[in-house]
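Okay, so here's the structure we're looking at.
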Amino acid sequence: MNRGVYGSGAGEARKIRDGHKGTIFLDEIAEMSTHLQAKLLHVLQDHQYSRLGGRHLVETDVPRVGGDNVDVQEAMKTGKFREDLYTG
């Protein structure tokens, strides 16, 4: 068993875990810090993550849909949204 705790962003980590083999809706990603956006990108690209204090990587397969209430194109220009997270 991969024991560990979820730190900051625990709700998001649980959503990814619980969304395994399902679809998750990622809302208002532009409101996240670019640091957390980078972590989210790694999970989405690598299909795995590790829990804080965990000893093993957790595999995940989560198709996703996202939405935001800001102009994402403008947020990318100002550096508040990572271009590599944007899929059009």
Side-chain angles (χ1 to χ4, degrees):
M1 179 178 208
N2 183 9
R3 294 185 182 258
V5 297
Y6 292 106
S8 177
E12 288 75 17
R14 275 189 220 100
K15 289 175 189 172
I16 290 172
R17 180 198 64 201
D18 293 346
H20 182 66
K21 297 292 184 182
T23 301
I24 59 172
F25 179 74
L26 301 170
D27 193 20
E28 299 184 12
I29 297 171
E31 300 297 319
M32 296 171 65
S33 70
T34 53
H35 176 74
L36 285 177
Q37 289 178 26
K39 288 185 175 196
L40 175 62
L41 179 63
H42 284 290
V43 172
L44 297 176
Q45 287 178 334
D46 300 340
H47 303 281
Q48 59 187 12
Y49 62 94
S50 60
R51 297 181 197 175
L52 183 62
R55 296 183 181 189
H56 306 285
L57 290 174
V58 178
E59 297 289 325
T60 187
D61 180 15
V62 286
R64 68 264 179 203
V65 176
D68 214 303
N69 63 353
V70 299
D71 182 343
V72 176
Q73 297 289 335
E74 185 62 31
M76 285 190 290
K77 289 179 188 173
T78 61
K80 293 184 178 187
F81 189 87
R82 294 178 56 97
E83 287 188 43
D84 46 6
L85 266 176
Y86 184 72
T87 58

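This chain uses plain numbering: 1 for the first residue, then up along the sequence. Below, each value reflects all heavy atoms present in this structure, side chains not excepted, and no hydrogens, waters or symmetry copies.
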Heavy-atom side-chain proximity of His42 to Tyr49 below 4.5 angstrom
no
With the 4.5 Å side-chain cut-off for hydrophobic clustering, are Leu36 and Val70 part of the same group?
no
Looking at Leu57 and Ser50, what are the two nearest heavy atoms and their distance?
CD2-CB, 3.8 Å
So if you build clusters from Ile, Leu, Val, Met, Phe, Trp, Tyr with side-chain heavy-atom gaps below 4.5 Å, do Ile29 and Leu41 land together?
yes
Pairing residues for Gln45 by the side-chain hydrogen bond (donor to acceptor under 3.5 Å, both in side chains) criterion, not counting sequence neighbours
none
Measuring from atom CD of Gln37 to atom CD of Glu83, what distance do you get when rounded to the nearest 0.5 angstrom?
11.5 Å
Residue list, salt bridge (Lys or Arg N to Asp or Glu O under 4.0 Å) with Asp84, at least two apart or on another chain:
Arg82
Look up atom NE2 in His47 and atom OG1 in Thr60, then write down how far apart they are to the nearest 0.5 Å.
9.0 Å
Interatomic distance, Asp27 atom CG to Met32 atom CE [nearest 0.5 angstrom]
11.5 Å
